[in-house]
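Here is the structure we will look at.
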Number of protein chains: 2
Amino acid sequence: MQERSAIASSATEDYVKVIYSHTEWQPEPITSSVLAARLGLAPSSVTEMVKKLAAAGLATHVPYGAVTLTSEGRSLALRMLRRHRLIETWLVESFGYGWDEVHDEAEVLEHAVSDRFLEAIAGKLGHPLRDPHGDPIPRADGSVEQPDAVLLADAPDGFSGPVVRISDRDPALLQYLGDQGFALDSVVTVVERRPFGGALAVRLDGAGFDLGDEATRAVWLGAGSS
Amino acid sequence: MQERSAIASSATEDYVKVIYSHTEWQPEPITSSVLAARLGLAPSSVTEMVKKLAAAGLATHVPYGAVTLTSEGRSLALRMLRRHRLIETWLVESFGYGWDEVHDEAEVLEHAVSDRFLEAIAGKLGHPLRDPHGDPIPRADGSVEQPDAVLLADAPDGFSGPVVRISDRDPALLQYLGDQGFALDSVVTVVERRPFGGALAVRLDGAGFDLGDEATRAVWLGAGSS
DNA sequence: CCTATAATTTCGGTGTGCCGAAAATACGTG
DNA sequence: CACGTATTTTCGGCACACCGAAATTATAGG
């Protein structure tokens, strides 16, 4: 029998969160090198730490292969995502942070606040189910509403639908998209895909512009029409 | 020339805060063993860490003697006290925490929140100058209003004055005093000092009771009358 | 002033989490 | 299928902050 839910270190919480987050966007499990890149660490550090996660019963690891979470690891990850996203929502709603400014603050606070405190802010916010970027906020019991959505990069020409989610990975991109008028629920229409891997022409609030590869792979559109 | 204000570790912040706090109550500088006791650490750990504080230009240390802060150390300490006390105030005002419940949460958050965040809550609270225990909150520029007050243990018989400060060191004591009706600004009158180091009889809101040594050395009364 | 006791420091050691360099393994291409 | 490249792991090391045991220094009482 493994150690039953010993208190996880801040590092452990970060690893687990990143491992889980990856599967939110991509079905394939994450590899060491991607994990290292996301965490900004050397690959060797990741290998070592993943071994510890496995020893703690939070992850399983095929040597030279992928890293997967156990159900215990997944539940810790969901707990951390709930914390991160509730805190982000709260910073925007109650403190006037912009959606491009919340990430770093939430990154620190998610490890620091108590459950009591967290649930207090959840209550104040009316137990929201999505954060300022449209990311779903797991409930305290670990259940999540995964919105079905199509990546803007994958949307067919003519497709039109509301923005339901925007990746918060790159604050600069968030700021740029915000400046262009992108917001949750604003309706985007795919006008034309420029040939040879070029930009994607879209229309938003009547105005049209081109989006590069990075941007179109960071925006999800909800149920719409072709 | 020393390292100019490199970012202090959480441990450093704690040491400096405790060293400073001690001088708030007692004029003599703190010794290693008291520091160790306050921090809940082994004396040997403290010796070692104090050496690092000295190397960082935050403290000076006479071997086998006292630990004192440099002006740089003092300013870091004041910064941490401002954080701690603002957060405590905020937890009470905005989250319904009791004054005996805020300490642990604040202890963690004080190392985690950004300056931007801290000043946002300071603004929300109207830039208060004292926390729920009556402890003075340093201003952002490092200045502090030290209320002049007399320790209940030192007050003469017949002395009467408002509670201006209660030590937050022992949550259980805070809870007890709260239950007895003690609050900031409630007026306490010293009735009689029982002989042979006995309890102190006081009167509060018409009711009278005896307080032991520990309690009378945790309560300060403001300008009053004998 | 000298000694017993108390406070402090030194010393060797621990756990966590990180790194770079070198070795091991996997994988695509010819 | 064999070989070169890319990925992953192993290994030795480091910084931080902690510990207990042993050695050192301070201090109070006789």
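In this text, all values refer to a predicted model and were calculated from it rather than measured experimentally. Order of the sequence lines fixes the chain letters, A, B, ..., with proteins taken first and strands second; residue numbering starts at 1 for each chain.
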> Taking NZ from B:Lys51 and P from D:dC18, how many angstroms apart are they, rounded to a whole number?
Replying inline: 15 Å

>> As a test of reading the structure: which of C:dT10, D:dA17, C:dT8 is closest to the side chain of B:Thr31, going by heavy atoms?
In response: C:dT8

>> Judged by each residue's nearest nucleotide on DNA chain C, which is more toward the 5′ side, A:Pro63 or B:Pro43?
In response: B:Pro43

> What is the distance, rounded to the nearest whole Å, between atom CG of A:Leu35 and atom P of D:dT7?
Replying inline: 15 Å

> Among C:dC18, D:dC16, D:dT8, which is the nearest nucleotide to the side chain of A:Ser33?
Replying inline: D:dT8

> If you count the non-hydrogen atoms of other residues, nucleotides and ligands that lie under 6.0 Å from CG in B:Asp141, is the total more than 12?
Replying inline: yes

>> Over 60° means perpendicular and under 30° means parallel, so tell me whether A:Tyr97 and B:Phe117 are parallel, tilted or perpendicular.
In response: tilted

> What heavy-atom pair brings A:Glu105 and B:Ala112 nearest, and what distance separates the two atoms?
Replying inline: OE2-O, 4.4 Å

> Which atom pair, heavy atoms only, marks the closest approach of B:Val113 to B:Arg83?
Replying inline: O-NH1, 2.8 Å

> Separation of B:Glu48 atom CD from D:dG20 atom P, in whole Å?
Replying inline: 14 Å

>> Rounding to an integer number of Å, can you tell me how far A:Leu53 CG sits from D:dT9 P?
In response: 13 Å

> Nearest-Å distance, NE2 (A:His61) to C1' (C:dA26)?
Replying inline: 13 Å

>> Check A:Arg165 with A:Asp131, please: is the shortest side-chain N to carboxylate O separation under 4.0 Å?
In response: no

>> Using a distance-only criterion (donor-acceptor N/O pair, under 3.5 Å, no hydrogens), is the base of D:dG20 paired with the side chain of B:Ser44?
In response: yes

> D:dC19, C:dG20, C:dC18: which one has an atom nearest the side-chain heavy atoms of A:Ala42?
Replying inline: C:dG20

>> Distance check needed: C:dT16 C1' versus A:Glu13 CD, whole Å only.
In response: 15 Å

>> I want to verify a distance call: between C:dG17, D:dA21, D:dT9, whose nearest atom is closest to the A:Tyr64 side chain?
In response: D:dT9

>> Among D:dT8, D:dG20, C:dT9, which nucleotide has an atom closest to any side-chain atom of B:Ser32?
In response: C:dT9

> With respect to the side chain of B:Thr47, which nucleotide from D:dC18, C:dC18, C:dT8 is positioned closest?
Replying inline: C:dT8

> Expressed in angstrom and rounded to an integer, what is the separation of B:Met49 atom CE from D:dC19 atom C1'?
Replying inline: 15 Å

>> Rounding to an integer number of Å, can you tell me how far B:Ile7 CD1 sits from D:dA15 C1'?
In response: 13 Å

